[in-house]
Amino acid sequence: MREISEGSILFETYKVLSFLGEGIFGKVYKVLVLKGRYKGKVLAMKIAKDPNTVHYLMKEAQTLLLFNHPHIVSLISYIHKKDTHELFVLYELMDTDLKTHVLSRGTLSEEEALRVLFHVSQGLDYIHRRGYIHGDIKPENIFGKKVLRDVLWKLGDFSLVRIRGSGALVDVKGTVGYIAPEVFKGEVHRSSDVYSLGCVLYFMLTGRHPFYSENPSESLKKNKEGLLTFPEGLSPQMEHLLERMLSKDHTRRFKNAGELLDYLIKNRLS
Ligand SMILES: Nc1ncnc2c1ncn2[C@@H]1O[C@H](COP(=O)(O)OP(=O)(O)OP(=O)(O)O)[C@@H](O)[C@H]1O
């Protein structure tokens with residue numbers, strides 16, 4: 001297994017510029033493409049070495065290759081080294097993620113939060129229309145790309161993506177604070193993604209997810225029960241929108257991202 005550091009050249013094509021971070025699926029590096037179709041471009045490369053994580057990341061890579069949308073982080077290509085069981089996945093390079101962006105500001109205004117919501121809903125609508133459920137919508141999985149003086153927000157990290165109707169969940173996956181209550185009972189719908197996105201909207205407005213507690217087991221309990229209170233001082237439109245996204249009963253939520261988008265446009269919230 002190779003050691004990777006700044007300046008390393010991989011497959012005679014990718015020069016490692018810096019380390020970007022590490023998640024459960026492996027390390028992520030900023031790389032410069034030295035030759036081929038993407039010569040001169042700077043990309044993000046995620047490297048998985050553990051057979052279990054390789055399996056998940058491979059599933060993500062194969063699904064993401066089918067997607068092409070301005071509000072979804074693009075996958076450029078992937079390389080699977082069968083002999084060493086390593087997987088190298090190349091994505092478009094993003095400049096920030098929503099968690100970092102919100103925490104650096106404390107909270108976002110309703111206007112800014114709605115702008116992010118509108119961007120991400122478009123990416124989510126694209127995958128919902130194709131029969132997929134994202135399964136892990138949270139601020140760390142929403143990425144921003146600076147375009148002139150603006151930021152374009154995109155949905156990323158499709159490691160828990162699943163096809164609609166592919167059976168009940170055997171174990172609960174996702175991130176406490178952003179999981180729809182029915183998911184804890186093994187039920188997953190497109191509206192479960194809408195719920196998670198509602199938790200993200202709440203986070204943008206308050207700097208905390210709706211089930212925050214200093215005690216992690218209390219957070220989990222509150223999340224399972226869908227027990228939340230709305231922050232003070234919201235506009236009536238924002239309160240109504242949050243109620244529709246964060247209803248404990250999934251049949252009272254927007255059914256999918258398309259319904260949410262229609263609502264945002266009709267009520268001039270986009
Ligand atoms: N396309 C990208 N462009 C820029 N940075 C990225 C990109 N993808 C991931 N990163 C960064 O790399 C780091 C690790 O990301 P990764 O998605 O592997 O883990 P994570 O966000 O901790 O989530 P998880 O472990 O749940 O997958 C994070 O700091 C993330 O912001």
Side-chain angles (χ1 to χ4, degrees), residues 4-6 8 10 14-33 38 41-65 67-80 86-105 116 119-120 123 127 133-147 151-162 169 171-179 183 193 196-197 199-200 203-204 209 216 219-220 223:
I4 293 162
S5 56
E6 235 169 78
S8 299
L10 305 170
Y14 307 103
K15 181 176 180 184
V16 176
L17 299 180
S18 61
F19 173 66
L20 287 172
E22 185 168 5
I24 46 170
F25 294 96
K27 293 184 175 160
V28 183
Y29 298 89
K30 189 193 261 197
V31 300
L32 171 69
V33 186
Y38 293 96
K41 277 219 176 273
V42 179
L43 304 174
M45 180 187 265
K46 197 182 276 191
I47 306 175
K49 297 181 173 185
D50 175 81
N52 275 324
T53 54
V54 165
H55 167 80
Y56 274 103
L57 196 58
M58 179 74 104
K59 194 175 137 211
E60 171 188 64
Q62 286 168 342
T63 309
L64 209 44
L65 265 186
F67 299 160
N68 176 19
H69 190 272
H71 292 291
I72 292 183
V73 175
S74 306
L75 184 136
I76 310 296
S77 66
Y78 67 88
I79 302 157
H80 187 200
E86 291 169 295
L87 182 65
F88 302 78
V89 187
L90 288 147
Y91 304 88
E92 69 173 304
L93 181 72
M94 301 302 290
D95 299 312
T96 188
D97 66 81
L98 188 61
K99 186 172 184 182
T100 310
H101 180 78
V102 173
L103 294 182
S104 70
R105 282 162 176 74
V116 178
H119 284 192
V120 179
I127 71 156
I133 294 172
H134 183 281
D136 196 19
I137 294 177
K138 58 179 173 177
E140 297 94 309
N141 290 343
I142 294 169
F143 295 88
K145 182 141 189 139
K146 292 190 184 118
V147 182
V151 181
L152 202 62
W153 293 98
K154 304 188 181 208
L155 191 54
D157 200 334
F158 286 75
S159 45
L160 297 185
V161 76
R162 63 201 319 267
L169 278 182
D171 52 344
V172 178
K173 296 201 175 87
T175 305
V176 172
Y178 299 90
I179 304 174
V183 175
D193 277 343
S196 303
L197 198 49
C199 296
V200 171
F203 169 78
M204 290 192 276
H209 66 67
S219 276
L220 175 64
N223 192 167

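Just so you know, ligand 1 is whichever comes first in the structure, and atom 1 is the first atom listed for that ligand.
- When only interatomic distances are considered, the shortest N/O to N/O separation between D157 and ligand 1 falls below 3.5 Å.
- Less than 4.0 angstrom separates some heavy atom of K138 from each of these atoms of ligand 1: 26 (O).
- In this structure, atom 17 (O) of ligand 1 lies nearest to the protein heavy atom K46 NZ, 3.2 Å.
- Numbered from 1 in the order shown, with element, the atoms of ligand 1 that lie under 4.0 Å from a heavy atom of E22 read 13 (C), 14 (C), 22 (O).
- With rounding to the nearest 0.5 angstrom, the CG atom of L90 is 9.5 Å from the OH atom of Y38.
- Every atom of ligand 1 with a heavy atom of F25 under 4.0 Å away is listed here by number and element: 27 (O).
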Check your understanding: Could you walk me through whether E60 and L75 pass the side chain to side chain contact (heavy atoms under 4.5 Å, CB included) check?
Key -> CA-CA 10 Å; E60 171 188 64; L75 184 136; 5.7 Å; no
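- Taking a cut-off of under 4.0 Å to the non-hydrogen atoms of G23, the atoms of ligand 1 that pass are 14 (C), 18 (O), 19 (O), 20 (P), 22 (O), 25 (O).
- The contact set between ligand 1 and E92, taken as ligand atoms under 4.0 Å from a residue heavy atom, comprises 1 (N), 2 (C), 3 (N).
- Contacts between M45 and ligand 1, counted as non-hydrogen atom pairs separated by less than 4.0 Å, are absent for every part of the residue.
- Looking only at atom types and distance, the side chain of T100 has a donor-acceptor partner in the side chain of D97 under 3.5 Å away.
- In summary, the atoms of ligand 1 found under 4.0 Å from a heavy atom of L20, numbered by their order in the structure, are 4 (C), 5 (N), 29 (O).
- Of the protein's heavy atoms, none falls inside 4.0 Å of atom 28 (C) of ligand 1.
- If you check which protein heavy atom lies closest to atom 25 (O) of ligand 1, you get I24 N, 2.7 Å.
- Distances between N or O atoms of D136 and those of ligand 1 include no value under 3.5 Å.
- Note that NZ of K49 is 5.0 Å distant from CD of E86, once rounded to the nearest 0.5 Å.
- Here the straight-line distance linking atom CG of L87 with atom CE of M45 works out to 10.0 Å at 0.5 Å rounding.
- Two residues are said to be in side-chain contact when any heavy atoms from C-beta on lie closer than 4.5 Å; I133 and V161 fail this criterion.
- Annotation: side chain of F67 is in contact with side chain of I127 (closest heavy-atom distance under 4.5 Å).
- The option with the heavy atom closest to atom 7 (C) of ligand 1, from among F143, F158, Y91, is F143.
- From the protein, the heavy atom lying nearest to atom 3 (N) of ligand 1 is M94 N, 2.9 Å.
- Interface atoms of ligand 1 facing A44, defined by a heavy-atom separation under 4.0 Å, are 1 (N), 2 (C), 3 (N).
- Annotation for ligand 1: atoms under 4.0 Å from non-hydrogen atoms of G21 are 13 (C), 14 (C).
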Practice item. Report the C-alpha separation of L64 and I72 in whole Å, then their side-chain angles, then the decisive distance to 0.1 Å, and conclude whether the side chain to side chain contact (heavy atoms under 4.5 Å, CB included) test is met. Key: CA-CA 9 Å; L64 209 44; I72 292 183; 3.9 Å; yes
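- Ligand 1 lies out of reach of K154, whose nearest heavy atom is not under 4.0 Å from it.
- Residue V28 touches ligand 1 through its side chain alone, judged by heavy-atom distances below 4.0 Å.
- A donor atom on one side chain and an acceptor atom on the other are found under 3.5 Å apart for T175 and D136.
- Using the six-membered ring where Trp is involved, H101 and W153 have ring planes that are perpendicular, over 60° apart on the 30 and 60° scheme.
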Exercise for review: Check the pair E92, K41 against salt bridge (charged side-chain N to carboxylate O under 4.0 Å, His left out), reporting the backbone distance first and the verdict last.
Suggested key: CA-CA 9 Å; E92 69 173 304; K41 277 219 176 273; over 6 Å; no
